[in-house]
Structures are given as C-alpha cells and as structure tokens.
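Each chain gets a letter, A, B and so on, in the order its sequence line appears, and its residues count up from 1.
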Amino acid sequence: MQLYKSQPLKVYNSLSGTKELFEPINEGHVGMYVCGPTVYSNVHLGNCRTFMSFDMIFRYLRHLGYKVRYVRNITDAGHLEDDAGEGEDKIAKKARLEQIEPMEVVQRYTVDFHEILQKFNFLPPSIEPTATGHIIEQIEIIKDILEKGFAYETNGSVYFDVQKFNTTYEYGKLSGRKLEDMIANTRELTAQDEKRNPQDFALWKKAEPQHIMRWPSPWGDGFPGWHLECTAMSTKYLGETFDIHGGGMDLKFPHHECEIAQAEASNGHAPVKYWLHANMLTLNGRKMAKSTGNNILPNEIFTGENSILSKAFSPSVVRFFMMQAHYTSILDLSDEALLASEKGFIRLMEAIETLEKLKGSTSQQAEADFEVTAWRQKCYDAMNDDFNTPVLIAHLFEAVKQINLLKEGKRSISEEDRALLQQLMHVFVFDVLGLEKKNNGSSGMDKLADVVQLLIQLRNEARSNRDFETSDKIRDQLAEIGIQLKDGKEGTSFTVL
RNA sequence: GGCAUCGUGGCCGAGUGGCUAGGCACAGCUCUGCAAAAGCUUGUACAGCGGUUCGAAUCCGCUCGAUGCCUCCA
C-alpha cells in the first residue's frame, strides 16, 4: 500500500489562505509546476531557497508514493525591465554588456544553474521546458484569448484586458487585491500607452528593429509576454487543471495572478488546485535580489570567498540551514546562524554513522525508553503538516540523543528497532531533506582516515606510557588542522571540521 | 498611500487557547591523565496597551516596529 493512503498531507494553499487536505486530482498522481529562473545571470542563494523548498516537496511527495510529474521551466526569452515597454530586455542587455549572442547568455547561465543545483543535491525535475521552445503554444493561447474577447491588439502588440476579464471572472483573488482599489491607486499615468488601462499586461510585444530575440506571429515580429510562458508550458505538460503550482512569494503578484487570468480566459476555469508560495531569503535583514545587489552567490559560500561570512560552508550545511526554517517563513542568512547549523549538522551526521555501527540486542526485551514506531509517526506528522521540516529536524535530534545514549550503553534497543531506526533516519535525512553525508567516499578521504588512525594509535601508545606531552601534541595539533579526536568507550574516533 | 506578512529566551527558529519544540551559545555535574566528544541538569521567551475567556504568547482591537508586493525579481 502506498504511504499516502495512511499519511494524510495538509498543505497551505495561498489561494484560500488556509491549510487544506491534499487530494490530487487523479489519485496517486501529482502534477506540479514551479516557476524557474530567468537565466540572465548567476542564480543567487535566494533563488536556490525557493527551488530547494520545492525539491523537498517533490521528494516528500515521491516518498509518500505519489507518481509526480514535476515541471520547472527555464525562462530564456528576454522580458522587459518594466511593463511600460521602456526598459530593455534583460537577456539582450546582458548580451550587449558582455558582447555575446543572447542565446550564449542563456546557455551560460542555464549551465551555471544546473551546476549549482547539483551541488545542493537537487533532484532533476521531470520536465524542464524553455520559453523559447514554446513560442507556438504561446501564440495559440493568445489567439484563443483574443477570440474570447479578453485581449486586444495595438500596434503589433497584444494586451490582456483586465477590466473586461474582471466582469466575468475575478482578477486579484490570489493576492487579495481588488481591481477597483488597484484602479484607484494607480500611480500617475505617464502619457505613453498602447494599453487601454494600466492594469492590462502584455501577452505579445512588438519587437523594435534592434531587438534580437524575435519571432514571427500573426501580429508581426515580436516576443511573448512574461506571464504567458508558464500558462503555455503548464497547460501543455500538466493539463488545463493540475495539482500544485509553486514559486517564490514575490511572484504571487502580478505573475501568478496573471497566469490565473490567462488560463481562465482561455479555458474558462481555474488552472491550479493548490498554490504554494515559498518565502524570501534575506541577507542583512533585506530581501536578496539581483536587482539591488543585495545577494550572495552559492559558490561564494562554498569557497568562502565573500565579505559576509567568516568561513566556507558546504552545500549540505546550507541546505540543512534552510531546512531548519519553514518554507513559508522569511529566513535571514547570517554567519552566526550558519555556524550554529553546521555544528548541528555534524552532530546529526555522526549519529547516523554511529547508528550504523551499533548492534541491537538480541534477547532481552529492550526498555521502551524510545519507541521507534511512535517516533516514526511524529516525523510523518511534522511533514504532513505543510512540510514542516524544522519540526521534523527537532524529532531527528531526539533520535540523535537516543543514539548517543545507546552508544554509551545507557539504553538498549532490539536489533529490529535499530534497523528500523536506521532505515528511517536515512529516509528522512537523505531522501526527504536531501542532505548528503559530507566527505563521502573519495579515495583521498580514505587515505586521510588511515593516516589519522595511525596518529590515534601513536597517541594511544604515548598515553599508555603516560607521555602526555606527546599525546596532547598529537591531539592539539590535529585540532589546529581541523581534525577533532573524540575519545569514547570503544576507542577514539575523529571528525574533520 | 493601498494590500499582505511578521515581531518568540544571548543568537537562529517551531508552535498557536491550558501539556518540555529543536539547534547553537552559556553555566553546573558525570565521564577523562587533562581536555574534547557524549550524557544529565538549569534557563520562569513570546513587541506594547486594552479586550474576550475559568485560562492567551496563541482569539479580537489599537499602537509601535520590521519586511514583502503594488515596476523586472525565487
């Protein structure tokens, strides 16, 4: 039996503003669409947090036994920097600055995006479509919306008629806005405008002669509006109605609002059952954003080459840090917070290693100090409550404590329970949270381990000769290098910090 | 100005009408040749002011403060 049948999942739906029981449209199958990056510069850490949240969600849904089709797009068509049609296309701008072809920009940063996500141990999505690969689909939707009367053409551009749409449907229901308020609060209207109303948004933009990224259309050469690609690709791969649509909080308005409008105008019904929004990562208390320069690149964290942090942190530590906060909460990045997470992460990993080496007792019925089955359900309850990873991690540390007590012989556990606990720790830590054991398996590490074992042996010899000067020298100098020796009942182990 | 979210102990961060979140740091103890690691113990937190309630950090109102969106942004 699939796990999801016994583990009811609740998700916070931005559309209703409440936690709802998750019931996919087709039993056993989940369709999930997440707005991907615009590839005109390196992914910064804030971007990564959003994708990591949905990676975790993807992992958990799969773990529950759902067959998930996860679509995450790449926005590789340039979009204007402002909606008034005055800004420059971001990708074209970058291409001009770097004196390369726009598609070179796209390629470069798509590769960068994938490299970074791989370091963070992301699972690849099921489909990763590009906007430029779906121009035809986008044009078809525009034609459809035009036919239904919810859009109009002006000078080779096509705009979505928000006010008209609002007479039949409800524009603003996702972000809690009312069109009347928006109209009332419209900022001073600069003359320009092919748009009938300031709230209208572009479905298709006419390309000026110097614009490189351009495609032919019934309205002349141009390029698609930003909101349209997601509607086109989600519909194509997940259908007119699908289960989960995710993205960053900052996309809620106008992007997701416009997606809903486009889909409803075209199909006559809502496209998405559950809207999930991941919250922002802040740096120094401010939102990380490419446009403000307040950001840090993942590689700058991994290498330690930055002016914000005191040292380098591994991708898994960063991932653990992020998983310690709920995905719907704002999380602030700081050196102190990362340092604290790193220590916790190491403790967690060592407990898992310890557990693997332990042996359960065969005979005596182990005392019920720690009931693995009850603990298991607590972990699931946490995840079932809108993917509450911080609470899951709290439970994991409960197990860490028990494992350390077992190691010291202060608790006993049946082999059956030990094996179950080991399996569950692997499931939650590696499969669901997507963490990775650091230092796994490279041959250099194996050799280092052998060398350290040798030093431990020398130190023990010195200690038994009561030559503490030598033994402490070995211990302290290893510590300086960043190798910590830990004496336990069954000998000495070590950690590379 | 409008809409929204949030304000938790030294730091990070869950929770949300009565029952210990957790991590990190700090202190004491156990262990240790001394340490470290590990374990045990301790911390009387919920922005402020009112209100509802037998009971509120949790619900309501107001005030203050922070952030996000309202223009591209995960």
**Request:** Can you tell me, in whole Å, how much space there is between the P of B:C60 and that of B:G68?
**Result:** 25 Å
**Request:** State the pairing partner of B:C69; accept Watson-Crick or G-U wobble contacts with both distances under 3.5 Å, and report none otherwise.
**Result:** B:G2
**Message:** Quick check: any donor-acceptor pair below 3.5 Å linking the side-chain of A:Arg347 to the base of B:A38?
**Reply:** no
**Prompt:** To the nearest Å, how far apart are A:His395 NE2 and B:G23 P?
**Reply:** 12 Å
**Message:** Between B:G28 and B:A45, how many Å separate the two C1' atoms, rounded to a whole number?
**Reply:** 22 Å
**Message:** So A:Leu339, base contact, sugar-phosphate only, or nothing? Heavy-atom distance under 4.0 Å.
**Reply:** nothing
**Message:** Does a side-chain N or O of A:Asn47 approach OP1 or OP2 of B:A74 to a distance below 4.0 Å, or not?
**Reply:** yes
**Asked** If you measure from the P atom in B:C24 to the same atom in B:A36, how many Å do you get, rounded?
**Response** 16 Å
**Asked** B:A35 P sits how many Å from A:Ile474 CD1, rounded?
**Response** 20 Å
**Item:** Of A:Met280 and A:Phe253, the one whose closest RNA chain B nucleotide lies more 5'
**Value:** A:Phe253
**Item:** Residues A:Glu356, A:Lys437; criterion salt bridge (charged side-chain N to carboxylate O under 4.0 Å, His left out); working and verdict
**Value:** CA-CA 13 Å; A:Glu356 282 162 11; A:Lys437 235 185 258 184; 3.8 Å; yes
**B:U58 to B:A14 separation - C1' atoms, rounded to the nearest Å** = 13 Å
**Message:** Taking B:C11 as the reference, what is the distance to B:G43 when you measure between their C1' atoms (whole Å, please)?
**Reply:** 15 Å
**Message:** On the nucleotide B:A14, are OP1 or OP2 found under 4.0 Å from the side-chain N or O atoms that A:Ser329 carries?
**Reply:** yes
**Prompt:** Do other residues, nucleotides or ligands put more than 12 heavy atoms under 6.0 Å from the NZ atom of A:Lys311?
**Reply:** yes
**Prompt:** Would you say the side-chain atoms of A:Tyr274 pair up with the backbone N or O of A:Leu21, donor to acceptor, closer than 3.5 Å?
**Reply:** yes
**Prompt:** What nucleic acid atoms does A:Glu336 come within less than 4.0 Å of, heavy atoms only: base, sugar-phosphate, or nothing?
**Reply:** sugar-phosphate
**Request:** Start with the C-alpha distance between A:Tyr171 and A:Phe160, add both sets of side-chain angles, then the distance that settles ring pair (Phe, Tyr, Trp, His ring centres under 6.0 Å), and finish with yes or no.
**Result:** CA-CA 12 Å; A:Tyr171 184 79; A:Phe160 190 93; 7.4 Å; no
**From B:A14, B:U32, B:A74, nucleotide with atom closest to A:His326 side chain** = B:A14
**Prompt:** Just how far, in rounded Å, is P of B:G13 from CZ of A:Phe321?
**Reply:** 7 Å
**Prompt:** Rounding to a whole Å, what distance do you find between A:Phe313:CZ and B:C24:C1'?
**Reply:** 12 Å
**Request:** Kindly indicate whether the side chain of A:Asp472 and the base of B:G33 share any N or O donor-acceptor pair separated by less than 3.5 Å?
**Result:** yes
**Message:** I'd like to know if the side chain of A:Glu257 reaches the main chain of A:Lys173, judged simply by a donor and an acceptor atom lying under 3.5 Å from each other, with no hydrogens or angles considered.
**Reply:** yes
**Prompt:** Which nucleotide in the list B:U32, B:G39, B:A74 gets nearest to the side chain of A:Phe51?
**Reply:** B:A74
**Prompt:** Has A:Phe468 got its ring stacked on B:G33, by the test of a centre gap below 5.5 Å and a plane angle below 30°?
**Reply:** yes
**Item:** A:Pro390 side chain, from C-beta outward: closest of B:A35, B:C69, B:G13
**Value:** B:G13
**Message:** Any side-chain N or O of A:Lys287 below 4.0 angstrom from OP1/OP2 of B:C69?
**Reply:** yes
**Item:** First encountered from the 5' end of RNA chain B, between A:Asn279 and A:Ala337
**Value:** A:Ala337
**Message:** Say we look at B:A37 and B:G18: how far apart would their P atoms be, to the nearest angstrom?
**Reply:** 37 Å
**Message:** Please tell me if A:Lys178 has a side-chain N or O lying less than 4.0 Å from either OP1 or OP2 of B:C3.
**Reply:** no
**Gap between atoms CG and C1', on A:Leu405 and B:A37 respectively (whole Å)** = 14 Å
**Request:** Using a 4.0 Å heavy-atom cut-off across all strands, classify A:Ser471 as base, sugar-phosphate, or nothing.
**Result:** base
**Request:** Please report, rounded to the nearest Å, how far the P atom of B:C34 is from the CD atom of A:Glu469.
**Result:** 18 Å
**Asked** Within the structure, does a side-chain N or O atom of A:Arg286 lie under 4.0 Å from either OP1 or OP2 of B:U67?
**Response** yes
**Request:** Rounded off to whole Å, could you give me the CZ-to-C1' distance for the A:Phe397 and B:A21 pair?
**Result:** 13 Å
**Item:** Proximal nucleotide (of B:C69, B:C72, B:A38) relative to the A:Asn404 side chain
**Value:** B:A38
**Request:** Measure the distance from CG on A:Leu358 to P on B:A38 and round it to the nearest whole Å.
**Result:** 15 Å
**Message:** Distance check, P atoms only: B:U5 and B:A38, in whole angstrom units.
**Reply:** 41 Å
**Message:** With a cut-off of less than 4.0 Å, is there a side-chain N or O of A:Lys410 near OP1 or OP2 of B:C31?
**Reply:** no
